[in-house]
Amino acid sequence: MTPANRVLAILQLFENGQSVWTVEEIARELGASTSTTYRHVRELVQSGFLDPVAGAGYALGPAFIRYDRILRQNDELIRIAAPIMEKLLAQTSQKAMVILCRRFKDCVMCVFEVHGSEPHLTTSYERGVAMPMFLGATSKVILANLPDRTLKAIYLSNEQTIHRLLHVEGWPQFKEQIRGIKRAGYAMTDSEVAPGRIGLAAPIARDQQVVAGISLVAVPNTTERQRLTEYRDHVIEAARLISAELSQASIVPR
């Protein structure tokens, strides 16, 4: 393992839920010497990515907060989508929320969310939260637009989970179900991620390649349930507007 890979491996240890690690624990987990591990930890502390805490341990440091702010300020997708997401709430329901997600490895990660001004139940989606690609409208609408080769690779790596969650038997049935979402242009789920919540999602594309998904998440009453078709159309239009602006922004003037 190269020094750079070892540094990344140290940071990735924090993904497992343990918030504080000692040098000895890190060295044992990575199979490295204590002296080498201490050198890498010291470098991470100096750069702000790790922070010493009581008990000779280390936690994630403030550098992540700084770079998250820089990312928010410079993320073209968020900059373009934010006002359109606000408009989507105004067109539908202020008792809902709108989330913006993109693919991250074999998951779908929320990168931005906008909440309605009226009281509403929140969802488990918030910035930085990764969800399986097989649960929820946003996940499915991104999954549905992946190339066949990528889609089949994901299926083969998660075959048992897919059979259990999507109630399909075999690759042909899975592909047909997912491609049905692509043909429809949107995905709708009911109580799939959290009880009582309906998700309506549409794909966001840059130059005809899907890069993200936008979803309206609501706990609709009887009246609002009657407006779901209208809500769906607004979500699809919001995705179209974001896609158009993203594609336009990617054109470099000569």
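Throughout, residue positions are numbered sequentially from 1 according to the sequence presented.
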Interatomic distance, [X] atom [atom1] to [Y] atom [atom2] [nearest 0.5 angstrom]:
{"X": "Lys182", "Y": "Leu151", "atom1": "NZ", "atom2": "CG", "value": "9.5 Å"}
{"X": "Ile181", "Y": "Leu143", "atom1": "CD1", "atom2": "CG", "value": "7.5 Å"}
{"X": "Leu246", "Y": "Leu241", "atom1": "CG", "atom2": "CG", "value": "11.5 Å"}
{"X": "His167", "Y": "Ile162", "atom1": "NE2", "atom2": "CD1", "value": "13.0 Å"}
{"X": "Leu30", "Y": "Glu25", "atom1": "CG", "atom2": "CD", "value": "11.5 Å"}
{"X": "Ile10", "Y": "Thr37", "atom1": "CD1", "atom2": "OG1", "value": "6.0 Å"}

Can a donor-acceptor pair be found, under 3.5 Å and without considering hydrogens, that links the side chain of [X] to the backbone of [Y]?
{"X": "Gln177", "Y": "Gln173", "result": "no"}
{"X": "Glu192", "Y": "Gly136", "result": "yes"}
{"X": "Glu159", "Y": "Leu156", "result": "no"}
{"X": "Thr138", "Y": "Ser215", "result": "no"}
{"X": "Glu245", "Y": "Ile80", "result": "no"}
{"X": "Asn74", "Y": "Ile70", "result": "yes"}
{"X": "Thr36", "Y": "Ala32", "result": "no"}
{"X": "Ser139", "Y": "Met133", "result": "no"}

Check whether more than 12 heavy atoms from other residues, nucleotides or ligands sit under 6.0 Å from atom [atom1] of [X], and answer yes or no.
{"X": "Tyr186", "atom1": "OH", "value": "no"}
{"X": "Tyr38", "atom1": "OH", "value": "no"}
{"X": "Gln208", "atom1": "CD", "value": "no"}
{"X": "Gln73", "atom1": "CD", "value": "yes"}
{"X": "Arg66", "atom1": "CZ", "value": "no"}
{"X": "Glu43", "atom1": "CD", "value": "yes"}

Exercise. Applying side-chain hydrogen bond (donor to acceptor under 3.5 Å, both in side chains), run through Glu237 and Gln91 and close with a yes or a no.
Key: CA-CA 11 Å; Glu237 176 63 10; Gln91 293 172 325; over 6 Å; no
Does some side-chain heavy atom of [Y] sit less than 4.5 Å from a side-chain heavy atom of [X]?
{"X": "Ser93", "Y": "Tyr231", "value": "yes"}
{"X": "Thr150", "Y": "Arg103", "value": "yes"}
{"X": "Arg42", "Y": "Gln46", "value": "yes"}
{"X": "Met188", "Y": "Ile198", "value": "yes"}
{"X": "Leu100", "Y": "Glu113", "value": "no"}
{"X": "Asp51", "Y": "Pro62", "value": "yes"}
{"X": "Leu88", "Y": "Val235", "value": "yes"}
{"X": "Ile214", "Y": "Ile99", "value": "no"}

Self-check item: Criterion side-chain contact (heavy atoms from CB on, under 4.5 Å) on Leu11 and Leu50, from CA distance to verdict
Solution: CA-CA 8 Å; Leu11 297 177; Leu50 288 181; 4.2 Å; yes
Exercise. Please report the C-alpha distance between Val23 and Thr34 in whole Å, then the side-chain angles of each, then the deciding distance to 0.1 Å, and finally whether the side-chain contact (heavy atoms from CB on, under 4.5 Å) criterion is met.
Key: CA-CA 7 Å; Val23 170; Thr34 302; 3.9 Å; yes
Report yes or no: do [X] and [Y] belong to one cluster of Ile/Leu/Val/Met/Phe/Trp/Tyr joined by side chain heavy-atom distances under 4.5 Å?
{"X": "Leu71", "Y": "Phe112", "answer": "no"}
{"X": "Ile65", "Y": "Tyr67", "answer": "no"}
{"X": "Ile242", "Y": "Met109", "answer": "no"}
{"X": "Met131", "Y": "Phe104", "answer": "no"}
{"X": "Leu165", "Y": "Trp171", "answer": "yes"}

Practice problem: Carefully, step by step, assess Phe49 and Leu60 under the rule side-chain contact (heavy atoms from CB on, under 4.5 Å). | Solution: CA-CA 6 Å; Phe49 289 104; Leu60 293 179; over 6 Å; no
Practice problem: If the plane angle is over 60° it's perpendicular, under 30° parallel, otherwise tilted; pick one for His163 and Tyr155. | Solution: tilted
Closest approach of [X] to [Y] (non-hydrogen atoms, all atoms of both residues):
{"X": "Ile236", "Y": "Gly185", "result": "CG1-O, 4.1 Å"}
{"X": "Arg127", "Y": "Val111", "result": "NH1-O, 2.5 Å"}
{"X": "Leu77", "Y": "Ile204", "result": "CD1-CG2, 4.3 Å"}
{"X": "Val108", "Y": "Cys101", "result": "CG1-CB, 3.4 Å"}
{"X": "Tyr58", "Y": "Pro52", "result": "CD2-CA, 3.8 Å"}
{"X": "Ala205", "Y": "Ser247", "result": "O-OG, 3.9 Å"}

Quiz item: side-chain contact (heavy atoms from CB on, under 4.5 Å) between Lys140 and Leu135: does it pass, once the steps are laid out?
Solution: CA-CA 7 Å; Lys140 288 182 175 179; Leu135 284 179; over 6 Å; no
[Y]/[X] salt bridge by N-O under 4.0 Å criterion:
{"X": "Asp75", "Y": "Arg102", "answer": "yes"}
{"X": "Arg206", "Y": "Glu76", "answer": "yes"}
{"X": "Glu176", "Y": "Arg183", "answer": "yes"}
{"X": "Lys175", "Y": "Asp148", "answer": "yes"}

